[in-house]
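Below: one structure, written as structure tokens.
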Amino acid sequence: MNENERPLNFVEKIIKEDLASGKVDAIRTRFPPEPNGYLHIGHAKSIWLNFGLAQTFGGKCNLRFDDTNPEKEDEEYVESIKADVKWLGYQWDGDVHFTSDYFDQLHAWAIELIKSDKAYVCDLNAEQMREYRGTLTEAGKNSPYRERSVEENIELFEKMRAGEFDEGACALRVKLDMAAPNMHLRDPVIYRIKKASHHQTGDKWCIYPSYDYAHGQGDAIEGVSHSVCTLEFEEHRPLYNWFIKNVPVPSTPHQYEFSRLNVNYTITSKRKLKQLVDEDHVDGWNDPRMPTISGMRRRGFTPKAIRDFCEMTGVTKVKGVVDVSMLEFAIREDLNANAPRAMCVLHPLKVVLTNYPEDKTETMTAAGHPQRDDFAERSLPFGREVWIDQDDFREEANKKYKRLVIGKRVRLRNAYVIEADEAIKDEAGNIIEVRARVIENTVGNDPEDGVKPKGVIHWVAAHDNVECEVRLYDRLFTDVAPDAGGKDFLESINPDSLEILNGCKVEAGIFANDPDTRYQFEREGYFIEDSKYSSAEKPVFNRVISLRDTWGKMDQG
RNA sequence: UGGGUCGUCGCCAAGUGGUAAGGCACCGGGUUUUGAUCCCGGCAUUCGCAGGUUCGAUCCCUGCCGACCCAGCCA
């Protein structure tokens, strides 16, 4: 990605103009999650946008937990969210903020609203309130409690705060317009009674501010200049602005909305993701197939790849669905450039080199990366017996097949060219071993007789390797839009989304590296040790993503 | 059917009154001790539709069509 050449997106243009016109001296953004679940790819986009905007314009970005509904929230989520933001490569300005830090201020402002006759305590229950609100096409009507006196409202609100009413008995509403075409302006509730313990404030409060009342004021208190959120909040903007104008806030933030990120073949509904976890369709929130940030992290996706993907997909108000191939491209692009190479045989087939001395071994050297010399070279033990992949041998094949065939030659990557002589089979007819010969003096050279090998295959020495488990992942859903149009997403769960391979053989040298290292197992894809199951006794690798495979797509004859 | 928002290539996405960037995907070809990477080439006579203004419109005007969001004391 070249940031210098990329055209500015609409939010960046607004900021650039605001800075140029002097409307603001500096910008401050914020990422404001409610701590009620794990973050997913959609949140990654919001994090990238908010923190990225601050970075590119030399501003600051806050992390604020929008914790106005204690019933749905938990400290567990605030911790995981902080970890996810950091992993993505961002650091918030100063301390973490909580909307609950402002409960006292918000409460005081609510009293001011009552005093200026702009808010009232309404005794309508939820059902009645719905009836009075009207519908999309019909105006609502005023609550019978709308004209209570300021004194009475002050007294009632104090009783609400003191816990003298049951949940749902009444609520504080702001006096706007029950006939407004924008439903959000029909006397929205700004404080409701919830006798629940809050993860940050404990039992101090039994009334909690609503999102609409708290969000803009929180932005204003923190000095947020550009409050970026998703499209569904567009209609809340007039309300947001009304509060900024009618409450004595210390600054004037502005809200801008962009289209949330949607990726095909996946779901991001928190409820549905939770269902996958609760019903054991996946191995927890961080299952490598999950679109959660923790899942992508365990899978081996890199923060940079995710950031690049966010940038690639742009910032607009158009509601679209991005193709997963873009995400896959971003991951391959980063890993191809930065992953050290290694060899791992997934489906081992023994090859005995009959003309190679039984007691002889030698050491081959291999580049750590074919295009980079800043990667250390590897030492690969070589001997009379090596493992190759079952897919890389056929007794006979047409010209398109560039691997080992009886009577034909192939190069063992970084080692000799060999020629196959015979396939050894068991009683059932399965090939269990291949007899082949090493062609003299072909390490680093073409065969002297001029008969070049048809291709190059990877291998691991039979006498020196580490046995491991390899987990291959495919997309979790077989349907492009698993939950579109009310479809049951459980019906399109891909039964083959996880394939576990045992007895794989990997070159031993890689275990001297950081266990977080992502490798390219040449000709197979990119892999990383699984943070949950891998151990020294039994290494387990996750395939981050396969290599681009044009061969696999063509007619192989 | 009230209000809001959106409609440029299969998918993202620039763009502007002067004759459609880029990326992904896809298709060719070259290099290659990874069927990877890399390189080169192809891929919208057309910008939701229909009129209008104009020498000229994807960009301005009018009308229409389609999609999405809103009737929580969720965020």
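Lettering follows sequence order; numbering is per chain, from 1.
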Among [options], which is the nearest nucleotide to the side chain of [X]?
X        : options                : answer
A:Arg130 : B:rC12, B:rG72, B:rA36 : B:rG72
A:Asp66  : B:rA75, B:rA25, B:rC73 : B:rA75
A:Met129 : B:rC73, B:rU34, B:rG35 : B:rC73
A:Arg403 : B:rA75, B:rA71, B:rG35 : B:rG35

Looking at every strand, decide which applies to [X] at a 4.0 Å heavy-atom threshold: base, sugar-phosphate, or nothing.
X        : value
A:Pro453 : nothing
A:Asn69  : sugar-phosphate
A:Arg186 : nothing
A:Thr68  : sugar-phosphate
A:Lys454 : nothing
A:Leu172 : nothing
A:Gly168 : base
A:Gly525 : nothing
A:Tyr191 : nothing
A:Arg548 : sugar-phosphate
A:Gln520 : base
A:Val321 : sugar-phosphate
A:Val410 : nothing
A:Arg133 : sugar-phosphate

Self-check item: Check against salt bridge (charged side-chain N to carboxylate O under 4.0 Å, His left out), A:Glu34 and A:Lys270
Solution: CA-CA 12 Å; A:Glu34 180 184 21; A:Lys270 206 168 277 182; 5.8 Å; no

Donor-acceptor pair under 3.5 Å: do we get one between [X]'s side chain and the base of [N]?
X        : N      : result
A:Arg341 : B:rU34 : yes
A:Arg6   : B:rG22 : no
A:His184 : B:rA71 : no
A:Arg411 : B:rU33 : yes

Measure from [atom1] on [X] to [atom2] on [N] and round the result to the nearest Å.
X        : N      : atom1 : atom2 : answer
A:Gln128 : B:rG72 : CD    : P     : 14 Å
A:Lys45  : B:rC12 : NZ    : P     : 11 Å
A:His215 : B:rA75 : NE2   : P     : 11 Å
A:Asp483 : B:rC68 : CG    : P     : 14 Å

Quiz item: Would you write out the dot-bracket form of RNA chain B, 5' to 3', with Watson-Crick and G-U pairs under 3.5 Å, [ ] for crossing pairs, | for pairs to other strands and . for unpaired bases?
Solution: .(((((((.[[[..)..(...]]].(((((.......))))).....[[[[[..)....]]]]])))))).....

Quiz item: Quick one: are the ring centres of A:Trp459 and A:Phe382 less than 6.0 Å apart?
Solution: yes

Exercise. Could you tell me if the ring centre of A:Phe157 sits under 6.0 Å from that of A:His107?
Key: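 Judged by ring-centre distance (under 6.0 Å), A:Phe157 and A:His107 do meet the cut-off.
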
Quiz item: Can you give one letter per nucleotide of nucleotides 2-10 of chain B, going 5' to 3': B for a protein heavy atom under 4.0 Å from the base, S for sugar-phosphate only, - for none?
Solution: BB-SSS---

Practice problem: Would you check if there is a donor-acceptor pair between the side chains of A:His458 and A:Arg341 at a distance under 3.5 Å? | Solution: no

Practice problem: Could you say whether the aromatic ring of A:Trp551 and the base of B:rG35 stack, counting only centre distances under 5.5 Å and plane angles under 30°? | Solution: yes

Self-check item: Chi-based syn or anti call at B:rG41, which uses purine or pyrimidine torsion atoms and a 90° bound
Solution: anti

Between [X] and [N], is there a contact of a side-chain N or O with OP1 or OP2 at under 4.0 Å?
X        : N      : result
A:Arg523 : B:rG35 : yes
A:Lys402 : B:rU32 : no
A:Arg192 : B:rC74 : yes
A:Thr316 : B:rA13 : yes

Quiz item: In this structure, which one of A:Tyr213, A:Tyr191, A:Phe103 forms a ring pair (Phe, Tyr, Trp, His ring centres under 6.0 Å) with A:Tyr208?
Solution: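 With A:Tyr208 as partner, A:Tyr213, A:Tyr191, A:Phe103 yield a single ring pair (Phe, Tyr, Trp, His ring centres under 6.0 Å), made by A:Phe103.
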
Self-check item: Distance in Å, A:Thr29 OG1 paired with A:Leu49 CG, rounded so as to fall on 0.5 Å steps
Solution: 8.5 Å

Quiz item: With under 30° as parallel and over 60° as perpendicular, where do the rings of A:Phe521 and A:Tyr519 fit, or are they tilted in between?
Solution: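 If you compare the ring of A:Phe521 with that of A:Tyr519, the planes turn out parallel.
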
Quiz item: Do A:Val410 and A:Ile418 have side-chain heavy atoms sitting under 4.5 Å apart?
Solution: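 The answer is yes, as the side chains (C-beta and beyond) meet within the 4.5 Å cut-off.
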
Practice problem: List in chain and number order the residues that pass salt bridge (charged side-chain N to carboxylate O under 4.0 Å, His left out) with A:Asp373, two or more places apart in sequence or in another chain; answer none if no residue qualifies. | Solution: none

Quiz item: Which residue, A:Lys452, A:Arg409, A:Arg411, A:Lys454, forms the salt bridge (charged side-chain N to carboxylate O under 4.0 Å, His left out) with A:Glu419?
Solution: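 Testing each of A:Lys452, A:Arg409, A:Arg411, A:Lys454 against A:Glu419, the sole residue satisfying salt bridge (charged side-chain N to carboxylate O under 4.0 Å, His left out) is A:Arg409.
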
